[in-house]
Amino acid sequence: MAVVPLVAAHSEDFVQILVQVESDNTMSEVAEVVAYHTVGTRVEPQNAPLKVIFNGEVQRDNMTVTDVGMKPMDFVEVSYHG
């Protein structure tokens with residue numbers, strides 16, 4: 001398990017943030033980390049699941065940072081889907 005810093009943004013936000021996740025975190029956990037810094041501050045909460053978009057593709061919730069090939073300082077977007 002290693003720390004992986006990522007540049008992240010919520011699709012409904014105008015701010016990019018730097019977050020630290022672990023290499024074995026799932027995409028659901030990555031989405032939660034990003035949401036912690038955005039939802040309820042600049043983004044309205046919604047009753048819909050959050051998904052991670054990496055390299056233009058929505059990632060499955062159970063995939064890990066390592067599984068999808070995320071490297072330090074890669075960009076990820078989090079968006080409500082549903």
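Since we're looking at a predicted model, the values are computed, not measured. Side-chain atoms are counted along with the backbone in the values below, which use heavy atoms only and exclude waters and symmetry mates.
- Taking 4.5 Å as the limit, some side-chain heavy atom of E22 sits within range of a side-chain heavy atom of V3.
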* Asked: Between L18 and M73, does a side chain to side chain contact (heavy atoms under 4.5 Å, CB included) hold up when you go through it step by step?
  -> CA-CA 8 Å; L18 181 64; M73 302 307 290; 3.8 Å; yes
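- In Y36, the OH atom is not crowded: 12 or fewer heavy atoms of neighbouring residues, nucleotides or ligands sit closer than 6.0 Å.
- Here E12 pairs with H10, V43, Q46, Y80 under the side-chain contact (heavy atoms from CB on, under 4.5 Å) rule; sequence neighbours left out.
- Residue I53 comes nearest to V58 through the heavy atom pair CG1-CG2, 4.1 Å, listed as atom of the first residue, atom of the second, then distance.
- Closest non-hydrogen pair, V15 versus R42, comes out as CG2-NE, 3.6 Å.
- A search for side chain to side chain donor-acceptor pair (under 3.5 Å) contacts involving D61 returns K51, not counting sequence neighbours.
- Distance OG1/T38 to CZ/F14: 11.5 Å, rounded to 0.5 Å.
- Taking each heavy atom of T41 and H37 in turn, the nearest pair found is OG1-O, 3.4 Å.
- Of all the heavy atoms in A31 and L50, the pair that sits closest is CB-CB, 4.0 Å.
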Please table the atom pairs, donor to acceptor, closer than 3.5 Å between any side-chain atom in residues 63-71 and protein atoms at least two apart or in another chain.
unit_1 : atom_1 : unit_2 : atom_2 : d
T64    : OG1    : T66    : N      : 3.4
T64    : OG1    : D67    : N      : 3.0
T64    : OG1    : D67    : OD1    : 3.3
T64    : OG1    : D67    : OD2    : 3.1
T66    : OG1    : S23    : O      : 3.0
D67    : OD2    : T64    : N      : 3.0

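- Taking the side chain as every heavy atom from C-beta outward, E57 and V52 never approach each other to under 4.5 Å.
- A search for ring-ring contact (aromatic ring centres under 6.0 Å, His included) contacts involving F54 returns nothing, not counting sequence neighbours.
- Considering CD of E32 and CG of N25, their distance stands at 9.5 Å, rounded to 0.5 Å.
- The CD atom of Q59 sits 12.0 Å away from atom OG1 of T26, with the distance rounded to the nearest 0.5 Å.
- Proximity of V76 to M27: side-chain heavy atoms (C-beta onward) are nowhere separated by under 4.5 Å.
- Listed by chain and number, the residues in a salt bridge (Lys or Arg N to Asp or Glu O under 4.0 Å) with R60 amount to none (sequence neighbours excluded).
- Nearest heavy-atom pair across A8 and V34 is CB-CG2, 3.6 Å.
- Every residue two or more places apart in sequence or in another chain that forms a side chain to side chain donor-acceptor pair (under 3.5 Å) with S79 is listed here: S11.
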